[in-house]
Each structure stands twice: as structure tokens, then as C-alpha cells.
There are 2 protein chains.
Amino acid sequence: MDLGERKLHILQAIIDNYIISAEPVGSRTVAKKFDIGISSATIRNEMADLEEMGYLEQPHTSAGRVPSDKGYRLYVDRLMKSKGLSPAEADYIKNLYDEKARQIEQIIFQTSKIISDITDYTTFILGPQLDQVLIKHIQLVPMGNNCALLVIVTNAGTIKDSIITIPDSISEDDLYRFSNMLNEMYRDQCLGSISLRPLIKVRESMAQNQEFFNSLVDVLTDSIEIKGSRELYLGGTTNIFKFPEYRDIVKAKEFLDLMEQKDLLYKLLAHFKGNGVSVTIGEENQYRELQDYSIVTTAYSVGGHVLGTLGIIGPTRMEYSKAVSVMDFMGKTLSRYLTQLFVKE
Amino acid sequence: MDLGERKLHILQAIIDNYIISAEPVGSRTVAKKFDIGISSATIRNEMADLEEMGYLEQPHTSAGRVPSDKGYRLYVDRLMKSKGLSPAEADYIKNLYDEKARQIEQIIFQTSKIISDITDYTTFILGPQLDQVLIKHIQLVPMGNNCALLVIVTNAGTIKDSIITIPDSISEDDLYRFSNMLNEMYRDQCLGSISLRPLIKVRESMAQNQEFFNSLVDVLTDSIEIKGSRELYLGGTTNIFKFPEYRDIVKAKEFLDLMEQKDLLYKLLAHFKGNGVSVTIGEENQYRELQDYSIVTTAYSVGGHVLGTLGIIGPTRMEYSKAVSVMDFMGKTLSRYLTQLFVKE
DNA sequence: GTTAGCACTCTCCCTTAATGAGTGCTAATG
DNA sequence: CATTAGCACTCATTAAGGGAGAGTGCTAAC
């Protein structure tokens with residue numbers, strides 16, 4: 001059995017309808033929407049075919065049809081009409097970015113807020129990938145009781161800090177001197193691939209402070225171990241309540257727990273390295289916990305280097321057309337903005 | 001009518017029971033719990049009195065009694081037996097703090113996680129109050145396209161950063177020189193009360209860079225405007241689902257929306273400056289949106305200076321005894337830990 | 001003052017019945 | 001031969017009715 005033009009039209013009508021209504025779609029409804037002279041009986045036959053082919057499902061015998069993941073996939077690949085953003089929306093976004101945002105965190109939060117406001121889905125953003133990023137400044141700041149703060153500023157505007165212990169024998173002046181050394185050694189080096197070798201020289205020059213030296217090396221090594229340290233920002237988590245399929249308290253809790261469990265989202269996002277917008281529908285997802293949801297992601301970059309990922313998550317009954325447009329637009333807008341801020345012309 | 005010993009005992013039995021069961025408590029239940037020879041009929045009479053006095057309420061004629069906010073208040077002030085933490089819990093907490101936490105943010109997150117794990121309520125923590133805090137280091141880091149990052153490290157281990165624009169005429173070397181000047185001027189000054197006057201001298205020395213100078217002054221002024229910039233950390237927001245009174249999706253959403261609306265929590269916490277643990281029950285709260293909940297707060301400090309506030313929020317049917325013990329313990333533990341880290345002996 | 005007894009109230013839950021949307025099949029139609 | 005009208009059938013949803021049970025308030029006796 002093959003997918004004639006008419007079957008595709010019917011499938012599209014059903015999905016369009018279901019995305020809006022969240023109710024199984026019956027043959028009569030399709031007949032009305034599809035005002036050419038085809039009766040509901042004919043449509044019923046076609047729908048039975050589409051179900052047999054796996055594009056539709058039936059919650060129970062006497063209900064209408066609901067799209068399957070396979071149906072959504074076909075819809076995303078071939079049927080949906082790309083909507084684009086309304087000029088009002090594009091303006092709204094541009095204006096927000098024009099306002100002075102003075103911290104990279106603020107910019108990211110703003111981005112996540114925009115996306116979840118416009119789409120009504122939950123947004124998650126993976127912060128700058130530190131191994132791609134250059135060190136712009138290193139500073140050791142004496143803090144108090146045998147403590148110092150190691151601060152690393154990167155060229156993506158992010159700051160990484162770490163408390164380290166220092167022995168009594170090191171004075172504040174020593175720390176500042178040492179800061180300068182570190183700066184000279186590591187400025188404009190890539191955080192992901194800095195070598196500890198140059199430090200050996202330093203080690204000799206502070207032979208009496210082995211302990212401090214070791215602690216410092218530990219921290220630097222930790223800083224290179226980036227995986228754990230990438231921030232994951234969430235926005236619009238309670239948007240999930242807007243969808244009737246999550247009126248059920250158990251499902252809502254399940255979703256919110258999922259969002260709090262950030263490891264899963266980390267792992268998930270690790271896969272989407274490519275550029276362009278990627279859509280993962282329901283069971284296409286390799287993680288079972290996420291197979292009830294659809295996820296749309298895209299990368300953002302600074303000066304051509306991919307820095308992190310934007311994503312939204314919502315029910316498989318997602319407004320894919322809008323979701324894809326928004327993510328595409330926001331990925332590009334954020335990249336342009338960051339590049340303009342941080343890359344020398 | 002006055003509150004005899006027996007009435008107090010009955011009230012206590014009712015509240016103890018209701019806190020656990022979340023069901024209206026009937027006279028028979030109290031009679032059982034209260035195994036001295038008093039019949040349920042007598043207790044019924046006493047309960048009617050307690051209701052008349054405003055300590056109890058009746059959801060409907062044929063239901064048991066439920067404590068009123070006034071009842072809870074009496075309970076908290078006079079009736080509850082302070083439980084203290086179990087040794088196991090105290091150990092668990094101490095062990096967590098002994099693990100190396102390398103960022104102040106991490107420490108705060110850990111604290112909020114501990115509190116919501118132990119109490120099952122939602123935790124909110126107001127981060128360090130920046131006007132109480134000393135500047136330990138200031139750094140201008142050149143970033144790219146007419147941009148620099150102003151980084152301020154404080155003696156509470158927090159870092160404040162801000163993107164500022166710089167004119168072409170300023171070189172990287174100028175920036176570093178300027179950083180050094182700022183450091184000399186402001187190190188160990190209180191962030192809340194730094195004066196811009198010393199900068200006037202600098203202004204003269206960079207007469208040809210008025211624009212940059214102005215932008216810098218703006219940012220410094222902003223940094224002093226602290227109110228907006230205090231972080232509010234949340235933990236265990238989905239704990240609310242554990243309580244039967246929030247099985248209702250509307251109420252659950254209401255609560256979660258409340259937690260996302262951080263201004264309200266800011267305003268709320270501004271009131272609790274004193275030390276010691278403070279309990280606010282239901283309608284005692286001045287903000288209508290919070291009158292369905294009870295809130296327990298306490299301050300944390302570094303070296304005797306109050307830095308911020310810990311709080312939990314849950315249904316008025318709260319395990320006050322445990323809540324108070326935990327908050328007291330955690331406030332003290334966190335303060336001790338931070339003091340030990342950051343204050344010179 | 002305390003208590004046993006009893007009528008009364010109200011919620012909760014189960015059963016039953018009616019409604020209605022939608023299907024699948026059959027037979028008629030162009 | 002594809003299309004369609006007609007009809008019996010299915011199943012979820014909703015409303016109504018009717019115990020059962022928990023709890024109260026009142027009265028009268030102790």
C-alpha cells in the first residue's frame with residue numbers, strides 16, 4: 001500500500017488538528033476541514049489504511065485517531081508548512097537583546113525566557129563548553145583562613161572559580177606573584193588543552209611549598225575536567241501545566257523530576273553536536289524516560305565555534321513548525337549577539 | 001473561657017495527629033491517643049470549646065476538627081516538643097560539609113539540598129548580601145570587540161561580573177594598569193559603601209578617555225545597586241507533590257508559579273533580619289499569596305555578620321518541631337563552615 | 001462534670017443508566 | 001471499482017441514586 005496524495009492530506013489534517021485540540025480526531029472532523037467532496041466514510045477507509053501503515057493509532061475502538069511517532073516524523077519531514085516568526089515576535093526578541101545585558105548568565109537566562117514564552121515549552125540551555133574556550137585571565141585571590149579563590153575568566157565571558165587551601169608559608173604577595181606567572185603562562189590558551197608542563201618550572205622555584213603546589217595542580221586539573229561543570233539552565237518548567245495531557249498530577253511530577261535530574265539532559269545534549277535544528281520525536285529518543293516527549297535542539301556558537309546547545313522539550317503533540325522556526329531563529333540570534341560581543345573584528 | 005491543661009492536651013493531640021495524617025481528627029481518635037479515662041463525648045465538648053475559641057476549625061458538620069492558624073501558633077509557642085536532629089542526620093550533614101566544596105554556589109546548593117531532603121519541604125536561600133561584603137579583588141579583563149569584563153571578588157567568596165564597553169583608544173595594557181589602580185583604591189573596602197571620589201583623581205589621569213571613564217563609573221554604580229543582584233536559590237520545589245493537599249493540579253501549579261516568581265520571596269526575606277529561627281504561619285504572612293503556607297527562616301552569617309537567609313516553605317500542616325530544629329542546626333552549621341573558610345583567625 | 005445513647009449530617013464510593021462520539025461493515029450507487 | 005449512505009456496535013464520560021461509614025450535637029442518666 002502506498003501513500004497517495006490524498007492520504008498525505010488526510011494525515012496532515014489529522015495532525016494539524018490534534019496538535020491544537022489534543023483530542024483524538026474523527027473522520028467527520030477531517031471531512032469538514034477537508035471541504036472537497038469526500039465523505040466521512042471514504043476518510044474512514046483511508047484512516048484505517050494509515051493506521052495499518054503505522055502513521056496513526058487508536059486509543060480505543062470507538063475513539064478517533066491519534067498520530068503515532070512515525071506519523072509525526074512524516075509530518076515534520078514532509079508535511080508541515082514552515083511558519084517563520086511573526087514580525088512582532090522577531091521585533092520583541094531583537095529589542096530584548098538590545099537592552100544592556102551585563103552578564104553572560106543574564107543573556108542565557110533571557111534567551112531561555114524568550115524561547116519558553118514564545119513556544120510555551122520548557123527550555124534548557126547548555127552553557128559554554130569550556131574546552132573550546134580560551135583563558136583570558138587567571139587570578140589567585142587570598143581569602144582568609146588558609147584559603148584562596150582561583151578565578152579563571154574565559155573569552156566566552158564565563159568565570160570559573162574554585163576555593164583552594166594554601167599553607168601558612170605562602171604570603172599574599174606570593175599569591176599575587178604566582179597569579180602573574182599563571183597569567184603569563186596560560187593567557188590565550190585553550191582551557192580544554194592546557195598543559196601542566198610549564199608548571200614544572202614553577203615547582204622548582206617554590207620548592208618549599210610542595211603542598212600548595214599540589215593543591216593548585218589538583219584544582220587546575222579539575223578545571224580541565226569540564227564535564228561536570230557545564231551549567232544547564234532551565235526555563236519555563238511549569239509551562240508543562242498548560243498541556244491537557246499533563247493535567248494528571250503523576251505525569252506532571254514525572255516531568256518536573258526529569259527536569260531536575262540534570263545528568264540525563266547533559267547526556268542527551270552531548271549528542272547534538274552538528275549545526276542546524278534537530279528534532280527528536282518520542283520513541284526516537286534513546287533514553288526511555290524521554291520517550292514520551294519531543295525535543296528540538298540547535299547549537300549556538302561564538303565566532304564559528306560551537307559553544308553550547310539550546311533545546312526545548314514538550315509533548316510529542318508539539319507545534320513542530322513553530323518550534324523549529326523559533327529554535328532556528330534563536331540559535332542564530334544568540335550566536336550573532338555573542339560573536340559581536342566577544343570576537344575581535 | 002480559659003485554656004485548661006486538658007484542653008491544651010487535646011489540642012496538642014489533634015495537631016500532632018493532623019500533621020501526620022492530613023485528615024480531620026475526630027473525638028474517638030483523640031480518645032484513643034489520650035488513654036487516660038476520658039470518653040469521646042467529653043472530648044467532643046472540649047473540642048467544641050476549642051473551636052469556639054478559634055483554635056480549631058471544622059471543614060463540614062460531620063467531619064472531625066482541623067487546627068486553625070491560631071491553633072498552630074499556640075502549638076509552636078507552647079505545645080510542641082522540640083525534637084532535635086537524630087544523630088544519623090547530624091552525621092550525614094557534617095559529612096557532606098567535610099567533602100571539599102570548591103565554590104560558594106556549590107556550598108549553598110548543597111545546603112538547600114540537605115534541608116529539603118531532611119524536611120521534605122521546599123528550600124529557598126537568599127545568597128550573600130553584597131553590601132555587607134568586602135572587595136578582595138577587582139579585575140578588568142579585555143574581551144574582544146570594544147568589550148571588557150569587570151570582575152569583582154568579595155570576601156564571601158562570591159564573584160560579581162559585568163560586561164562593559166570600552167573605546168578604541170584604550171589598550172589592553174591600559175586596562176591592566178587601570179585594574180591595578182582600582183585594586184589599590186578599593187581592596188578591603190565594603191562593596192555597599194564604596195565612594196567614587198577616589199576615582200576623580202583617575203579621571204584626570206585619563207582625560208582623553210572620558211567615555212570609558214563614564215561607562216566604568218556606571219558599572220561600578222550598578223554594582224553598588226545590589227538589590228536586584230542577590231541570588232535566590234531554590235531546592236526541592238517538587239517536594240510539594242508529597243503532600244496530599246497538593247494533589248490538586250491547580251494548587252500544585254499555584255505553588256510552583258509562586259516559587260518562580262522570585263520578587264515575592266525577596267520581599268518576604270527582607271523582613272527576617274534578626275537572628276534565631278522565625279516561624280510564620282498561614283495568614284500571619286502579610287503577602288496574600290503566601291497565606292496558605294507556613295514559612296520557617298533563619299539567618300546565616302560569616303564572622304558574626306549576617307550574610308543571607310535560609311528558608312523553607314510548606315503547608316501550614318507542617319512538622320514545625322522538625323522544621324525548627326533543622327533550620328536552627330543548618331543556620332549554625334553553614335555559618336560556622338563559612339566563617340571557618342573565609343575569616344582569618 | 002462526665003458519659004452512654006441516638007438521631008442526624010455529610011462525604012465517599014459503588015453501581016447503574018443514559019448519552020454521544022466514532023468506528024467498521026454492508027449494500028447500494030454512479 | 002471507488003465512493004457513500006446507513007446501521008449496529010463499542011467504549012468513554014457523565015449524572016443520578018443509594019448504601020456505608022465517620023463524626024457530630026444533643027439529651028438524659030449517672
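Each chain gets a letter, A, B and so on, in the order the sequences are listed, and its residues count up from 1.
The CG atom of B/N17 sits 14 Å away from the C1' atom of D/dG23 (whole-angstrom rounding). What separates CD1 of B/I38 from P of C/dG1 is a distance of 14 Å, to the nearest Å. Going from atom CE of A/M47 over to atom P of C/dA21 covers 16 Å, rounded to whole Å. Distance A/R28 CZ to D/dT4 P: 15 Å, rounded to the nearest Å. Taking atom CZ of A/R44 as the reference point, atom C1' of D/dT10 lies 14 Å away to the nearest angstrom. The distance from atom NZ of B/K32 to atom P of D/dG23 is 8 Å, rounded to the nearest whole Å. Protein atom CG of A/N45 is 11 Å distant from nucleotide atom P of D/dA2, rounded to whole Å. Summarising the geometry, the separation between CD on A/Q58 and P on D/dT10 is reported as 14 Å, rounded to the nearest angstrom.
A side-chain donor from one of B/Y320 and B/S294 sits under 3.5 Å from a side-chain acceptor of the other.
Distances from the side chain of A/S39 to the nucleotides C/dG5, D/dA5, C/dT3 place D/dA5 closest.
Heavy atoms from other residues, nucleotides or ligands lying under 6.0 Å from NZ of B/K253 number more than 12.
Nucleic acid contact for B/S40: none, since no nucleic acid atom lies under 4.0 Å from a heavy atom of the residue.
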- prompt: Taking it one step at a time, do B/D257 and A/T238 satisfy side-chain hydrogen bond (donor to acceptor under 3.5 Å, both in side chains)?
  reply: CA-CA 7 Å; B/D257 285 347; A/T238 57; 3.3 Å; yes
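Side-chain atoms of B/N239 come within 3.5 Å of backbone N or O of B/Y121 as a donor-acceptor pair.
In terms of polar N and O atoms assigned as donor or acceptor, the side chain of B/S62 comes within less than 3.5 Å of the base of C/dT9 in a complementary pairing.
Residue B/T61 places no side-chain N or O under 4.0 Å from the OP1 or OP2 atom of C/dC8. The phosphate of D/dG25 (OP1 or OP2) has a side-chain N or O of B/R65 nearer than 4.0 angstrom.
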